[in-house]
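Reading through the structure tokens given below for one structure.
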Amino acid sequence: MLSYQHIYHAGNLADVQKHALLAVILSYMTRKDKPISYIETHAGRGLYHLDAPEAVKTGEAAAGIDRVVGDGLLPADHPLRQALASCQESHGATAYPGSPLIASTLLRPQDSLHFAELHPGEHEALRQALPRHRAKLHLQDGFELAQSLAPPTPRRGILLIDPSYEIKSDYGRIPGIIAHLHRKWNVGVIALWYPLLKDGAHVPMLRALENQGLPGALRHEVRFPPAREGHRMIGSGMFLVNAPFGTEEECARLDRLFGNLS
């Protein structure tokens, strides 16, 4: 069983980039009355408490979402702030929403939500975080779930791929998975998060993705200092297929935000 636990990293600067973009995309896609499908391949537990010993130990949330909100770098009307406020109202002032809770907050009753999480403990925690929610939770490999659902009903929607990359072969297989999913679901927004690593392990994956000529492809990256000495991650990236209108504007806003952090 994989050992990755996001509680050590919840609310860090990578989450700020990933969750800000996700929240803006969901906010845009729900402007129309038409329902959407939301699918996540690596959902995690969905809810984190930033005063937990694990989060305090790394200090990544303090340098991430706490600083961004505390310094007023994320506008009060930003949809991520809306999701954060909703989460804290329900779960306390130190609560932080993972992407499942962001999606469940911003999406509507007519929308369809599917969350895959293979780790039994994280899956159970996610179930407890969403006890009365309409979302369908799957104790299943997320890539297999995405393949089985594509194209989903309704067809309009978004797929978030957010692995921990503990399985190093994911770098090599993800471009083919995304290409296959796009062929089956050519109208779907596909959003891939990836870490920027000192050793460049992500570079061949991105080269393969960009060589596929996927429509509406958008790559956005932010850089920040390593969280601690010896930490390999030096930034965060998102690769999107069929990027919705307004995504580039949010990317530019995030560039300014991260510029103000330096």
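- P151 approaches W185 most closely through the heavy-atom pair CB-CD1, 4.0 Å.
- Residue Q17 comes nearest to G237 through the heavy atom pair OE1-N, 3.6 Å, listed as atom of the first residue, atom of the second, then distance.
- Looking only at atom types and distance, the side chain of E122 has no donor-acceptor partner in the side chain of H6 under 3.5 Å away.
- Counting only N and O atoms by type, the side chains of E144 and H138 include no donor and acceptor under 3.5 Å apart.
- Contact between P97 and L84 at its shortest, heavy atoms only, is CD-CD1, 3.6 Å.
- Counting only distance, with no hydrogens or angles, the side chain of R127 and the backbone of L137 share no donor-acceptor pair below 3.5 Å.
- Dense packing is recorded around NZ of K168, with more than 12 heavy atoms of other residues, nucleotides or ligands lying under 6.0 Å away.
- In this structure the side chain of P75 reaches within 4.5 angstrom of the side chain of R253, judged on heavy atoms.
- Of all heavy-atom pairs spanning C251 and L21, the tightest one is SG-CD2, 3.9 Å.
- You'll find the side chain of M205 stays beyond 4.5 Å of the side chain of F239, heavy atoms only.
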Inset, instruction - In sequence, state the C-alpha distance, the side-chain angles, and the governing distance for H19 and Y96, and then conclude on ring-ring contact (aromatic ring centres under 6.0 Å, His included). - result: CA-CA 11 Å; H19 291 158; Y96 182 78; 5.7 Å; yes
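- In this structure, the separation between OG on S86 and NE2 on H91 is 7.5 Å, given to the nearest 0.5 Å.
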Legend entry - Step-by-step side chain to side chain donor-acceptor pair (under 3.5 Å) determination, H78 to E250: CA-CA 10 Å; H78 195 285; E250 178 61 17; 2.9 Å; yes
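- Under a cut-off of 6.0 angstrom, the local environment of CG in D33 is sparse, with at most 12 non-hydrogen atoms contributed by other residues, nucleotides or ligands.
- Following chains of ILVMFWY side-chain contacts shorter than 4.5 Å, one can reach V187 starting from L107, so the two form part of one hydrophobic cluster.
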Legend entry - Candidate pair L197 and M233, rule side-chain contact (heavy atoms from CB on, under 4.5 Å), full reasoning: CA-CA 5 Å; L197 302 173; M233 188 168 73; 4.3 Å; yes
Legend entry - E40/L145 under side-chain contact (heavy atoms from CB on, under 4.5 Å): CA gap, chis, key distance, verdict: CA-CA 9 Å; E40 242 188 88; L145 175 69; over 6 Å; no
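- Using cut-offs of 30° and 60° for the angle between ring planes, the Y171 and Y165 rings count as parallel.
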Inset, instruction - Apply side-chain contact (heavy atoms from CB on, under 4.5 Å) to the pair L22 and K18, showing each step before the final yes or no. - result: CA-CA 6 Å; L22 175 64; K18 172 177 56 184; 5.5 Å; no
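- Residue-environment remark: NZ (K184) exceeds the threshold of 12 foreign heavy atoms within 6.0 Å.
- Within the 3.5 Å criterion, the main-chain N or O of R108 finds a donor-acceptor partner in the side chain of D111.
- Note that CG of L47 is 8.5 Å distant from CZ of R45, once rounded to the nearest 0.5 Å.
- Of the inter-residue distances, the one linking M29 atom CE with Y38 atom OH reads 11.0 Å to the nearest 0.5 angstrom.
- The minimum heavy-atom distance linking L130 with S104 is given by the pair CD2-OG, 3.7 Å.
- Side-chain contact check for K136 versus L149: every heavy-atom pair is 4.5 Å or farther apart.
- Note that CG of L209 and CD1 of I174 are 8.0 Å apart. Values are rounded to the nearest 0.5 Å.
- The side-chain heavy atoms of E117 and P100, taken from C-beta on, include no pair separated by under 4.5 Å.
- Looking only at side-chain heavy atoms (C-beta outward), H123 and F115 stay at 4.5 Å or farther from each other.
- Side chain of D162 to main chain of H42: no donor-acceptor pair is present (N/O by atom type, distance under 3.5 Å, no hydrogens or angles).
- Summarising the geometry, atom OG1 belonging to T94 is positioned 9.5 Å from atom CG belonging to D66; distances are rounded to the nearest 0.5 Å.
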Inset, instruction - Check the pair Q212, H182 against side-chain contact (heavy atoms from CB on, under 4.5 Å), reporting the backbone distance first and the verdict last. - result: CA-CA 11 Å; Q212 289 174 354; H182 172 68; over 6 Å; no
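- Between the CG atom of L218 and the CD atom of E248 there is a distance of 5.5 Å, given to the nearest 0.5 Å.
- Side-chain atoms of S27 never come within 3.5 Å of backbone atoms of V24 as a donor-acceptor pair (strictly under, hydrogens ignored).
- In terms of modelled atom types and a separation under 3.5 Å, the side chain of H119 and the main chain of G121 share a donor-acceptor contact.
- Residues I25 and Y28 have side chains not in contact (no heavy-atom distance under 4.5 Å, counting atoms from C-beta outward).
- Hydrophobic clustering (ILVMFWY, side-chain heavy atoms < 4.5 Å, transitive): I234 and M238 are in one cluster.
- Judged by distance alone, with hydrogens and angles left aside, the side-chain atoms of R67 form no donor-acceptor pair with the main-chain N or O of L73 at under 3.5 Å.
- Electrostatic pairing of E54 and K57 does not count as a salt bridge here, judged by no charged N lying under 4.0 Å from a carboxylate O.
- D15 is not listed as a side-chain neighbour of I65, based on a closest heavy-atom distance of 4.5 Å or more.
- Shortest non-hydrogen contact noted between A76 and R81 is O-CB, 3.8 Å.
- Listed for the S37 side chain is a donor-acceptor partner under 3.5 Å among the backbone atoms of P154.
- For R134, the CZ atom is densely surrounded, since the number of other residues' heavy atoms within 6.0 Å is greater than 12.
- Of the residues listed (I178, N186, V189, L159), the one engaging V241 in a side chain to side chain contact (heavy atoms under 4.5 Å, CB included) is I178, and it is the only one.
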